[in-house]
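Report on one structure; see the data block that follows.
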Amino acid sequence: MLTHIEQSIAVATQSALKDLYQIVVPIADIQIQETNEEYLGDFTLVLFPFIKLLRKAPALLGDEIGKSLIALVPQMQSFVRVQGFLNITLKPAYWNNWLYKNPLQIRLVNERQKVMVEYSSPNTNKPLHLGHIRNNLLGYSVSQILKKQGHDVIMANLCNDRGIHISKSMLAWSRWGNGATPESTGKKGDHLVGDYYVMFQTEMKKERNIIMQNENIEETAADNKTQMMKDCRALLLKWEAGDEAVRSLWETMNSWVYAGFDETYKRLGVHFDKFYYESNTYLYGKEIIQDGLERGVFYKKDDGSVWVDLTDEGLDHKILLRSDGTSVYMTQDLGTAQQRFDEYNLDKMIYVVGNEQDYHFKVLKLVFKKLGRTWWNNIFHLSYGMVELPTGKMKTREGTVIDADDLITEMEVTAADESNKTGKTEDLTAEEFIKLVHQIALAAIKFFLLKAGPANAIIFNPAKSIEFQGFTGPYLQYSHARIKSILRKVEEVEIIKLSAEEIENYDMVIEEKNLIQQLHKHEQILNIAADNLSPASLSNYLFELAKSFSSFYDKCSVLREENLIKRAYRLKLTSITATLLFDYSKILGIDLPERM
RNA sequence: GACCUCGUAGCUCAGUUGGAUAGAGCAACAGCCUUCUAAGCUGUGGGUCGAAGGUUCGAAUCCUUCCGGGGUCACCA
């Protein structure tokens, strides 16, 4: 993925190779990269492949190609060869002109795609925790990245609102709830329902332990033998039969949970264009199974269950329909995927789901492949690692789950403390202060979760909590606030307009150049983040950018600069940096306040 | 058992898809506020990239084997 100027150098290299040595090298094989900091230069052309191909001495080859490039690329100033690397320096005018010519504009993608991103997908029997936050932030920011590229994105949420887990909360509430409601208890609905889910597990465990002792059987087997599980299954059957009382309770409890989720989503700053409910979709997919059977893609066992043979793809046989004719997870996912591609004519379907389901999505794609769907390979699983504690996985029953609401509140308190320490926000109104503290807390959480590559597990240490210094969200906010502080102090009319000549001839100092070069990469980074479905690329970039700015800020004064050309140029540089930081942080869901 | 995935500084993580002497942040240490916001800047120390082989001009990155962590392989979702 090359920037505009890198592309120009690559094309010039191609034609130089053709003219000089009569060889044709595909652009993709020409390696251009940023020059390492220890060396002089802006971009580096890697010569090794040509050295090998042409069996020429590196010195001679580098010299010949370098000279040709200077003739072909007007922005080029000089070159130096080090071993097999040709380090190219561009004219300062190139950078200066770039800065003044719509630097923030990005080329929209040629093909505007319709993409659905499914994320969050909560169970409606307990509140959201830190792992869900990671999911939400990934889904949200990937959606924003694709939108920024110019795609048409639908953010979807599939609520797992039925099944045995919901029945557990319902059963416990009926038995021990005494009619408790969010209003009567003052509890957030999702937490209230979650409490009954936990209560069910606790009570069931007591019963289970007795059975385990008496009958000397395993845990899961004993679970299934408890009266409570039997009652629970009976409840689920009633639900499926449409029993009015059960349905009514189910609707009531779910509405509490949704109200609670809604609040948490708002605090997190994520939202959805479309909600799907499993209670509506759980019967989907049976037509697909039937179709596959008729066409011989699937097969039926004697007991009536339907399977697909994926051994030719290196996988196993996978069940698609139970022997009693009811759906499994895969059945509904086949159904909903088909429905979505039909309804929206999607170019891409992205599922943001934890890596424990890697196998599931591999199978999902392959089943569609076998069915001959042309779009089977347009299904993407944005797989992400778990958020773990230093002691291991978060476990509900051990009380080691980091609750989403609690974490946000805790971070807000910390942010308020930090802010009070500096004394810079004393003149804010209470309302402004609360908003600021919320923005800072969220920035810390979001950046913490988004700076890691999605594939990797994240270790969260509650004792250390989340940092506000260094490679963090608040650092971005702080950098931005300093810029804004400068910009607030200068009137629009004060800024002199530089002539084309003054711009072209501006003599940058090293900090200014580093900052421009960081800014220069923004579009390339956006494309990398989109291609890899990885907001982490963007997080890392924004940190680098903010760091370049901080160095610049430290070395180069803006307002106190007496040379008016320098002053104007630096104001331009700072304001572009502010806008870029602001816009791209927004993509990550991070707000940058005016001051902090 | 089979398959997937990860293993990089004391800790938390990057590493542009095979390029130059492996980078950040935190923690430690040393400097820098009368100067645009010190939630900051500058510097120092810290590494057998899990181990061993292999591929080639060149490997943290690709291949093989082994060691270690996690995950999946349910007529659960």
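Here is the naming used below: chain letters follow the sequence lines, and residue numbers restart at 1 for every chain.
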Exercise for the section: For the side chain of A:Asp358, starting at C-beta, report the closest nucleotide among B:U72, B:C36, B:C4. Expected result: B:C4
Problem - Phosphate-side-chain proximity, A:Lys424 and B:A39, N/O vs OP1/OP2 below 4.0 Å - result: yes
Exercise for the section: Using only heavy-atom distances, determine whether the side chains of A:Tyr276 and A:Gln339 contain a donor-acceptor pair under 3.5 Å. Expected result: no
Practice task
Quick one: label A:Ser383 by what it contacts on the DNA or RNA (base, sugar-phosphate, nothing), any heavy atom closer than 4.0 Å.
Solution key: nothing
Practice task
Give the C-alpha distance, both sets of side-chain angles, the deciding distance and a yes or no for side chain to side chain donor-acceptor pair (under 3.5 Å) between A:Asn125 and A:Ser169.
Solution key: CA-CA 6 Å; A:Asn125 66 329; A:Ser169 308; 4.6 Å; no
Practice task
Would you indicate what A:Ile459 reaches in the nucleic acid, counting non-hydrogen atoms under 4.0 angstrom: base, sugar-phosphate, or nothing?
Solution key: sugar-phosphate
Handout entry: P-based separation of B:G53 from B:U61 [nearest Å]
Key = 14 Å
Practice task
Answer yes or no: is there an ion pair linking A:Glu313 with A:Lys362, defined by an N-O contact shorter than 4.0 Å?
Solution key: no
Exercise for the section: Assign A:Lys464 to base, sugar-phosphate, or nothing according to its heavy-atom contacts below 4.0 angstrom with the strands shown. Expected result: sugar-phosphate
Practice task
Could you check whether A:Asp531 gets within reach of a base, just the sugar-phosphate, or nothing at all, counting any heavy atom under 4.0 Å?
Solution key: nothing
Problem - A:Lys451 to A:Phe471 six-membered ring, cation-pi geometry met (6.0 Å, 45°) - result: yes
Exercise for the section: Using a heavy-atom cut-off of under 4.0 Å over every strand shown, decide if A:Asn540 touches base, sugar-phosphate, or nothing. Expected result: sugar-phosphate
Handout entry: Pair partner, B:U72 [Watson-Crick or wobble, under 3.5 Å]
Key = B:A2
Practice task
Mind checking A:Tyr359 for me? I need base, sugar-phosphate or nothing, with any heavy atom below 4.0 Å counting as a touch.
Solution key: sugar-phosphate
Problem - Distance in angstrom units between A:Phe50 CZ and B:C57 P, rounded - result: 16 Å
Problem - Gap between atoms CD and P, on A:Glu313 and B:A2 respectively (whole Å) - result: 22 Å
Exercise for the section: Answer yes or no for A:Arg134 and A:Tyr384: cation-pi contact, defined as NZ/CZ to six-membered ring centre under 6.0 Å and angle to ring axis within 45°. Expected result: no
Problem - Nearest-neighbour nucleotide for the A:Arg595 side chain, B:U37, B:U35, B:C36 considered - result: B:U37
Practice task
Just compare B:A20, B:G19, B:C57 and give me whichever is closest to any side-chain atom of A:Lys52.
Solution key: B:C57
Problem - Rounded interatomic separation in angstrom, taking CD from A:Gln31 and P from B:G18 - result: 9 Å
Exercise for the section: Consider the side chain of A:Tyr329, meaning its heavy atoms from C-beta on, and name the nucleotide among B:C36, B:A77, B:A39 that approaches it most closely. Expected result: B:A77
Exercise for the section: From the options B:G19, B:U72, B:C41, select the nucleotide whose nearest atom is closest to the side chain of A:Glu356. Expected result: B:U72
Handout entry: Any A:Arg322 side-chain nitrogen or oxygen under 4.0 Å from OP1 or OP2 of B:A77
Key = yes
Practice task
With heavy atoms under 4.0 Å as the rule, sort A:Gln477 into base, sugar-phosphate or nothing.
Solution key: nothing
Exercise for the section: Using the P atoms only, state how far B:G23 lies from B:U48, rounded to an integer number of Å. Expected result: 15 Å
Exercise for the section: Can you tell me, in whole Å, how much space there is between the P of B:G10 and that of B:C49? Expected result: 13 Å
Problem - Under-4.0 Å side-chain N/O to phosphate OP1/OP2 contact, A:Lys489 with B:U37 - result: yes
Practice task
For A:Gly385, report the nucleic acid contact type (base, sugar-phosphate, nothing); a contact means any heavy atom under 4.0 Å.
Solution key: nothing
Practice task
Quick one: look up who B:U12 pairs with, Watson-Crick or G-U, both distances under 3.5 Å, and put none if it's unpaired.
Solution key: B:A24
Exercise for the section: Please state how far atom CD1 in A:Ile458 lies from atom P in B:G70, giving the value in whole angstrom units. Expected result: 18 Å
Handout entry: Atom C1', compared across B:A22 and B:G47: separation rounded to whole Å
Key = 9 Å
Exercise for the section: Could you tell me whether A:Lys318 contacts a base, only the sugar-phosphate backbone, or nothing, with contacts defined as non-hydrogen atoms closer than 4.0 Å? Expected result: nothing
Practice task
Quote, to the nearest angstrom, the C1' distance that separates B:A60 from B:G19.
Solution key: 13 Å
Exercise for the section: Determine the contact category for A:Val328: base if any of its heavy atoms lies under 4.0 Å from a base atom, sugar-phosphate if only primed atoms, P, OP1 or OP2 are that close, otherwise nothing. Expected result: sugar-phosphate
Practice task
For B:C41, give its Watson-Crick or G-U wobble partner with both distances under 3.5 Å, or none.
Solution key: B:G31
Handout entry: Nearest-Å distance once atom P is located in both B:U72 and B:U12
Key = 22 Å
Exercise for the section: Using a heavy-atom cut-off of under 4.0 Å over every strand shown, decide if A:Phe460 touches base, sugar-phosphate, or nothing. Expected result: nothing
Practice task
For A:Asn461, report the nucleic acid contact type (base, sugar-phosphate, nothing); a contact means any heavy atom under 4.0 Å.
Solution key: nothing
Practice task
Tell me which of A:Thr472 and A:Val82 sits closer to the 5' end of RNA chain B, going by the nucleotide each one is nearest to.
Solution key: A:Val82
Practice task
Return the nearest nucleotide to the side chain of A:Thr35; candidates are B:A20, B:G71, B:C4.
Solution key: B:A20
Practice task
Check the geometry between A:Phe48 and B:G19 and answer yes if their rings are stacked (centres below 5.5 Å, planes below 30°), otherwise no.
Solution key: yes
Problem - Parallel, tilted or perpendicular: rings of A:Phe275 and A:Tyr277 (30°, 60°) - result: parallel
Problem - Rounded distance (Å) that lies between atom C1' of B:C36 and atom CZ of A:Arg560 - result: 6 Å
Practice task
Using the P atoms only, state how far B:A14 lies from B:A52, rounded to an integer number of Å.
Solution key: 24 Å
Completion exercise
Ranking A:Met596 and A:Phe471 by the position along RNA chain B of their nearest nucleotide, the one closer to 5' is A:Phe471
Practice task
Please check if the distance between the ring centroids of A:Phe85 and A:Phe48 is under 6.0 Å.
Solution key: yes
Problem - side-chain N/O A:Arg488 vs B:U37 OP1/OP2, d < 4.0 Å - result: no
Problem - Spacing of A:Lys547 atom NZ relative to B:U42 atom C1', expressed in whole Å - result: 13 Å
Practice task
Please tell me which of the listed nucleotides, B:A20, B:C6, B:C4, lies nearest to the side chain of A:Phe85?
Solution key: B:A20
Exercise for the section: Would you indicate, yes or no, if B:A39 has its OP1 or OP2 atom less than 4.0 angstrom from a side-chain nitrogen or oxygen of A:Arg482? Expected result: no
Completion exercise
Regarding the side chain of A:Ser551, the nearest nucleotide among B:U37, B:U21, B:U42 is B:U42
Problem - Span that lies between the C1' atom of B:C6 and that of B:C13, in whole angstrom - result: 14 Å
Problem - Among B:C4, B:G40, B:A77, the one nearest A:Arg162 by side-chain distance - result: B:A77
Handout entry: Candidate nucleotides B:G19, B:C36, B:A39, ranked by approach to the side chain of A:Ser419 - the nearest
Key = B:A39
Handout entry: Donor-acceptor pair between A:Asn514 and A:Ser548 side chains, under 3.5 angstrom
Key = no
Exercise for the section: In plain terms, say whether A:Glu418 and A:Lys421 are close enough for a salt bridge, that is, a side-chain N and a carboxylate O under 4.0 Å apart. Expected result: yes
Practice task
Quick one: sort the A:Tyr299 and A:His317 rings into parallel, tilted or perpendicular, breaks at 30° and 60°.
Solution key: perpendicular
Problem - Presence of A:Asn125 side-chain N/O under 4.0 Å of B:A77 phosphate oxygens OP1/OP2 - result: no
Problem - N/O (side chain, A:Tyr553) to phosphate O (OP1/OP2, B:U42) under 4.0 Å - result: no
Exercise for the section: Determine the contact category for A:Ala452: base if any of its heavy atoms lies under 4.0 Å from a base atom, sugar-phosphate if only primed atoms, P, OP1 or OP2 are that close, otherwise nothing. Expected result: sugar-phosphate
Exercise for the section: To the nearest Å, give me how far apart CD (A:Glu388) and P (B:G7) are. Expected result: 14 Å
Practice task
Determine the contact category for A:Ser537: base if any of its heavy atoms lies under 4.0 Å from a base atom, sugar-phosphate if only primed atoms, P, OP1 or OP2 are that close, otherwise nothing.
Solution key: nothing
